Amino acid sequence: MRKTMKQATALTLAAVTALSLTACGGGKTDAPAADGGSEGGSSDGQINLTFSWWGGDSRHEATEKAIEAFMAKYPHINVTPEYGAWTGWEEKQSLNILGGNAADVMQINWNWIDSYSNNGTNFADLNQYADVLDLSQFPENAKEQCTVDGKLMAVPVALTGRLFYWNKTTFDEVGCPIPTDTESLLAAGAAFKAYDESYYPLVLQEYDRMIFMVYYLESKYNKPWVENNQIQYTQEEIQDGMDFMCQLEDAHVIPTVAVVQGDMADSIDKNPNWINGKYAGIFEWDSSANKMQKAMEESADKPGQEFVIGDFIKFGDYQGGFTKISMGLAVAATSEHPKEAAMLINFLLNDPEGVEISSTERGIPCSAAALEILDEKGIGDAIVKEANAKVMEYCPFPLDAKFEHNDLKANPDGVYYKVFGKLSSRDIDSAKAAADLMEGVNECMGN
């Protein structure tokens with residue numbers, strides 16, 4: 001999806017679905033300002049930037065408002081947003097990055113630095129723009145994870161992990177407690193099936209299944225999935241995880257991949273079965289709490305549903321789960337206006353006005369300045385804050401850089417999608433699924 005922004009002096013263009021507008025004057029000037037701008041501006045001195053991101057509707061709305069405020073503050077800079085849902089987004093953006101056609105400012109997944117920076121040449125070194133982008137606000141260890149050959153490829157936006165969200169209304173209707181361990185999870189499957197066979201206590205797509213299985217294995221074996229570029233699990237241990245995924249399908253805990261695909265939804269928050277309470281649980285990023293809650297609570301067919309954060313389910317004697325840099329904001333090396341692009345990043349992540357508007361739509365921020373602003377003013381989604389706190393307290397493992405590589409997580413051709421799709425349809429058994437997963441991950445890591 002591509003949209004353009006508007007300010008008061010813009011002219012409406014006919015015969016197009018998006019509006020292209022210019023920035024208006026005014027606004028505060030307490031944030032760093034450009035000293036004349038970069039080369040390549042329009043003939044009237046206007047500088048044009050593009051900004052691309054993915055997300056749900058609430059993130060889109062907040063980001064558009066923040067861009068409007070930025071353009072009001074810096075009337076010589078016009079920002080054109082480009083956004084959409086996650087499905088197919090990485091594939092499109094990777095082609096843009098590698099082809100030299102990337103947006104000036106990009107919301108990127110942390111692993112894109114490893115996958116697409118081309119040894120630090122495809123993204124601008126943000127250290128060069130510290131005069132307009134206050135890098136001192138971000139944790140050193142987080143910045144180090146975004147650095148290649150001494151060059152800062154992106155500013156870390158937030159730290160995140162996955163946890164369980166539940167539709168309490170549906171669980172109350174079915175008459176069973178929200179799961180906290182293996183036994184209660186399997187019991188929920190039986191209760192939901194008895195209530196209505198189209199109802200499930202949990203829904204997992206293919207990539208969700210990979211993350212969920214790793215959580216299960218970490219809970220049982222107390223090892224990271226990958227360390228020092230090596231899988232830490234044996235094929236037999238991974239097969240144990242695959243067997244558990246099959247057990248969840250057989251016990252009516254999760255619908256099969258074919259059932260979820262039949263819903264014809266790009267993502268779970270847009271799936272009518274989540275919106276209307278037939279799918280009553282999800283294992284999702286803490287930064288996605290708002291969009292999952294909003295989708296369910298705004299249901300026209302079943303209003304008044306209650307969205308809650310659950311406990312981490314105990315699958316073994318240990319605590320499973322990993323945390324990661326949720327995303328970063330990067331500047332394309334091909335940008336004609338890298339300084340102004342860095343100014344936009346600073347506005348979104350450090351400036352009081354931008355922080356207030358952006359709130360927690362990209363998770364709980366890494367920026368110390370942003371955290372102080374949100375805490376002082378009581379801004380931010382309470383459930384996102386609660387979810388992030390639970391993740392940071394509970395999840396002990398880091399995420400390896402290759403885990404989210406496009407060769408593994410791309411839909412539908414990534415290893416995760418192929419393996420878990422075939423396992424769900426029983427085209428392969430758990431032993432073959434484990435072997436295929438190991439082979440695909442090792443190939444991606446160059447082993």
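Since the model is a prediction, treat every value here as computed from it, not as a measurement.
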Val260, Asp263, Leu248 screened by side-chain contact (heavy atoms from CB on, under 4.5 Å) with Pro255, the one that passes: Val260

Could you check whether Glu61 pairs with Lys294 (Lys NZ or Arg NE/NH1/NH2 to Asp/Glu carboxylate O, under 4.0 Å)? yes

Using the rule given for side-chain hydrogen bond (donor to acceptor under 3.5 Å, both in side chains), can you reason through Ser58 versus Asn290, listing the C-alpha separation, both sets of side-chain angles and the distance that settles it, and then say yes or no? CA-CA 8 Å; Ser58 60; Asn290 182 270; 2.9 Å; yes

Between Phe192 and Phe171, does a ring pair (Phe, Tyr, Trp, His ring centres under 6.0 Å) hold up when you go through it step by step? CA-CA 8 Å; Phe192 271 65; Phe171 274 88; 5.0 Å; yes

Apply salt bridge (Lys or Arg N to Asp or Glu O under 4.0 Å) to the pair Lys402 and Asp114, showing each step before the final yes or no. CA-CA 8 Å; Lys402 290 286 202 269; Asp114 179 78; 2.9 Å; yes

Aromatic contact between Tyr83 and Trp53, with the criterion being ring centroids under 6.0 Å apart: yes or no? yes

Does a side chain donor of either Ser299 or Asp301 reach within less than 3.5 Å of an acceptor in the other side chain? no

Are Asp400 and Pro224 side-chain neighbours, meaning at least one heavy-atom pair lies under 4.5 Å? no

Can you check whether Met106 reaches Leu329 side chain to side chain, under 4.5 Å on heavy atoms? no

Hey, are Ser424 and Glu249 close enough side-chain-wise for a donor-acceptor pair under 3.5 Å? yes

Return yes if a side-chain donor-acceptor contact under 3.5 Å exists between Asn350 and Asp134, otherwise no. no

Is there a salt bridge (Lys or Arg N to Asp or Glu O under 4.0 Å) between Lys418 and Asp427 once you walk through the steps? CA-CA 11 Å; Lys418 289 181 178 179; Asp427 289 339; over 6 Å; no

Taking it one step at a time, do Leu152 and Cys146 satisfy side chain to side chain contact (heavy atoms under 4.5 Å, CB included)? CA-CA 6 Å; Leu152 184 63; Cys146 297; 4.1 Å; yes

Ring pair (Phe, Tyr, Trp, His ring centres under 6.0 Å), that's the test. Do Tyr200 and His252 meet it? Break it down for me. CA-CA 7 Å; Tyr200 292 86; His252 201 81; 4.0 Å; yes

Would you say the side-chain atoms of Asp266 and Thr87 include a donor-acceptor pair closer than 3.5 Å? no

Closest non-hydrogen atoms of Asp269 and Ala295, given as atom of the first, atom of the second and distance, are O-CB, 3.1 Å

For Thr160 against Ser326, the heavy-atom pair lying closest together: CG2-CB, 3.1 Å

So do the side chains of Leu408 and Val441 get within less than 4.5 Å of each other, counting heavy atoms only? yes

Given side chain to side chain contact (heavy atoms under 4.5 Å, CB included), test Val415 with Leu437 step by step and report yes or no. CA-CA 7 Å; Val415 172; Leu437 180 63; 4.1 Å; yes

Is the cationic atom of Lys92 (NZ for Lys, CZ for Arg) positioned less than 6.0 Å from the six-membered ring centroid of Trp54 and within 45 degrees of its normal? no

Hey, what do you get for NZ (Lys220) to CG (Leu217), rounding to the nearest 0.5 Å? 8.5 Å

Atom CD1 in Ile211, atom CH2 in Trp225: separation rounded to 0.5 Å? 12.5 Å

Would you kindly say whether Tyr216 and Asp240 are connected by a side-chain donor-acceptor distance under 3.5 Å? yes

Is the shortest side-chain N to carboxylate O distance from Asp196 to Lys278 below 4.0 Å? no

Hey, does Tyr318 have a side-chain heavy atom less than 4.5 Å from the side chain of Ser219? no

Under the side-chain hydrogen bond (donor to acceptor under 3.5 Å, both in side chains) criterion, do Gln261 and Glu206 qualify, and how do the steps go? CA-CA 10 Å; Gln261 289 177 342; Glu206 292 95 326; 3.2 Å; yes

Spatial distance of atom CD (Glu353) from atom NZ (Lys65) [nearest 0.5 Å]: 13.0 Å

Closest approach of Ala330 to Ile108 (non-hydrogen atoms, all atoms of both residues): CB-CD1, 4.0 Å

Please report the shortest heavy-atom distance between Ala289 and Ile383, naming the atom on each side. CB-CG2, 3.9 Å

Name the orientation class of the two ring planes belonging to Tyr221 and Tyr233 (parallel below 30°, tilted from 30 to 60°, perpendicular beyond 60°). perpendicular

What I want to find out is whether Lys385 reaches Asp381 closely enough, with some N-O distance under 4.0 Å, to be called a salt bridge. no

Does any donor atom in the side chain of Asp172 or Thr169 lie under 3.5 Å from an acceptor atom in the other side chain? no

Could you check if a side-chain atom of Thr323 sits within less than 4.5 angstrom of a side-chain atom of Phe397, using non-hydrogen atoms only? no

Before accepting this row, confirm whether a basic side-chain N of the pair Lys223/Glu237 lies closer than 4.0 Å to the acidic partner's carboxylate O. yes

Does Thr50 form a side chain to side chain contact (heavy atoms under 4.5 Å, CB included) with Glu82? I'd like the steps, not just the answer. CA-CA 7 Å; Thr50 51; Glu82 303 170 353; 3.8 Å; yes

Taking Phe70 as the fixed residue, which of Asn346, Leu344, Asp351, Ile357 is the one that meets the side-chain contact (heavy atoms from CB on, under 4.5 Å) rule? Leu344

Closest non-hydrogen atoms of Ala62 and Glu361, given as atom of the first, atom of the second and distance, are CB-CG, 3.7 Å

Just checking, is any N or O donor in the side chain of Glu218 or Gln232 under 3.5 Å from an acceptor N or O on the other one? no

For the ring pair Phe315 and Tyr215, is the centre-to-centre distance below 6.0 Å? yes

Tell me whether Gln235 at atom CD has more than 12 heavy atoms from other residues, nucleotides or ligands lying less than 6.0 Å away. yes

Stacked cation flag Lys409 on Tyr417, 6.0 angstrom / 45 deg: no

NZ/NE/NH1/NH2 to OD/OE distance under 4.0 Å, Lys432 and Glu439: no

Minimum-distance pair of heavy atoms, taken over all atoms of Gly55 and Arg59: CA-NH1, 3.8 Å

Does Arg162 come within less than 4.0 Å of Asp208, counting only side-chain N to carboxylate O? yes

Would Glu90 and Trp112 satisfy side chain to side chain contact (heavy atoms under 4.5 Å, CB included), going step by step from the backbone distance to the final call? CA-CA 9 Å; Glu90 182 174 353; Trp112 291 16; 3.3 Å; yes

Flag side-chain contact, heavy atom, 4.5 Å: Leu159 against Cys366: yes

Which of these passes side-chain contact (heavy atoms from CB on, under 4.5 Å) with Met296: Lys302, Lys291, Glu306, Gln305? Gln305

What distance separates Met242 CE from Leu423 CG, expressed to the nearest 0.5 Å? 6.0 Å

Is the shortest heavy-atom distance from the side chain of Tyr416 to the side chain of Phe403 under 4.5 Å? yes

Inspect the surroundings of NZ in Lys314 and state if more than 12 heavy atoms from other residues, nucleotides or ligands are less than 6.0 Å away. yes

Compare all side-chain heavy atoms of Trp86 with those of Ser267 and state whether any distance is below 4.5 angstrom. no

Is the closest side-chain donor-acceptor distance between Gln107 and Ser52 under 3.5 Å? no

